[in-house]
Amino acid sequence: MAGEHRLLLHNAQQLVLICTKGEKYLLQAGMQNLAVLDNASVVIGKDGCVKAVGHADAIRRQFSEASFEKIIDCSGKCILPGLVDAHTHPVWAGDRVHEFAMKLAGASYMDIHQAGGGIHFTVEHTQKASEEELFNTFRHRLLRMLRAGTTLVECKSGYGLNLETELKMLRVIEQARQLLDSNISSTYCGAHSVPKGKNATEATDDIINNHLPKLKELNLNGEIHVNNIDVFCEKGVFDLNCTRRILQAGKEIGLQINFHGDELHPMKSAELGAELGAQAISHLEEISDEGIAAMASAKCAAVLLPTTAYMLRLKQPQARKMLKEGVIVALGSDFNPNAYCYSMPMVMHLACVNMKMSMNEALAAATINAAYALGRSHMHGSIENGKQGDLIIINSSRWEHLIYQFGGHQELIEYVIVKGKVIY
Ligand SMILES: [Zn+2]
């Protein structure tokens, strides 16, 4: 029957499934042995979900070509799952290109922060920007992320700090969720920095007493859909006690815990996250051995951010040690005015070169494990029956080109598909 199925991707040289048994995440051994089929095809149904994967001949016997709305011949090409970016700050006004020059001249993140730059600069511009202006720049950024293969992305607020601007950012994220093709996981990050005129305890009280009750109300009446709560747990920002209070209060209103920890100083953030049942913790350049063990047993994902360590010249997170100790390792771009990178292919490349991950590990970290970090791996992060049909097709006969080629992925990625619909 014509149009019974939405899309057939036919006869790919390689089809990278990632996994085949509905795994929610992969540990080191699984990451090293990704499921890849040669000469394979994928069928996406009307509902936008994967209906069948298999060898091209088997799919040809099972489905008549006339039953598809669209067929793409993938001969000589590779199909991979859409990439998942587990950590971004994409809603803001006022770039910080001037600070890049300062950093190149030797200023540290905290030097710039204390001089009134950094987050405060962006907060000031974001507070002044209209919702429409924020949406337009955000939309453009999401399109660039899609073009680089990202089909599911975590998006944080956190450049408002006051309730009014935080809600403005969350409404902008909500608007994108409804109007655009990208899949979005929305994060309230009101504790990204201590706002001017308050100390950390006052800011913590404000968040718990004013911000979170409002979020709960708006989430319940469906005006916005916030999934995660985030805090920048760092010396001179929110200490361990403030972080604990905010995350716990967030959990109580039903948000998943997913926060910044152990980045510039060892804070015992990893231990705290494991104790509170965090879904994920990001950064972890300064994680302790006890923190690694705690995250492994709590099944708390480590979202590593190679662009930040690279641009701030921090020590690299210990990816190899985390993998060896059984931590679920994921990747994110950390796209923000400080680390202006949209591209998960470049993030994977940096993870391989600077953090010594293999290409298989990096791809698993940027697909199934990044989806797990957002609590979405039941529908995203691999090409399996019943999962959402989010895929990319690259114009190359080996999938590793997606990581091997540093930059220029817009030439390599020929199609980006979300729910079986060709977006690019
Ligand atoms: Zn971040």
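FYI, side chains are in, hydrogens and waters are out, and symmetry mates aren't considered; it's all heavy atoms of this structure. On a predicted model such as this, the values are computed, not experimentally measured, just so you know. Counting starts at 1 for both ligands and their atoms, following the listed order.
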* **the Zn ion (ligand 1): protein N, O or S atoms [distance under 2.8 Å]** => His87 NE2, His89 NE2, His260 NE2, Asp334 OD1
* Asked: What do the steps show when you test Ile112 against Asn338 for side-chain contact (heavy atoms from CB on, under 4.5 Å), and what is the final call?
  -> CA-CA 11 Å; Ile112 293 170; Asn338 179 50; over 6 Å; no
* Structure fact -> Of Tyr159, Phe259, Trp92, Phe238, the one forming a ring-ring contact (aromatic ring centres under 6.0 Å, His included) with His192 is Tyr159
Per-pair distances, 0.1 Å, donor-acceptor, side chain in residues 416-423, under 3.5 Å, sequence neighbours excluded:
{"unit_1": "Lys421", "atom_1": "NZ", "unit_2": "Asp181", "atom_2": "OD1", "d": "3.0"}

* To do: Please confirm whether His89 and His260 have ring centers closer than 6.0 angstrom.
  => yes
* Going by an N to O cut-off under 4.0 Å, is there a salt bridge joining Arg171 and Glu223? -> no
* Asked: Looking at the rings of Tyr340 and Tyr342, which for Trp means the six-membered one, are their centres under 6.0 Å apart?
  -> yes
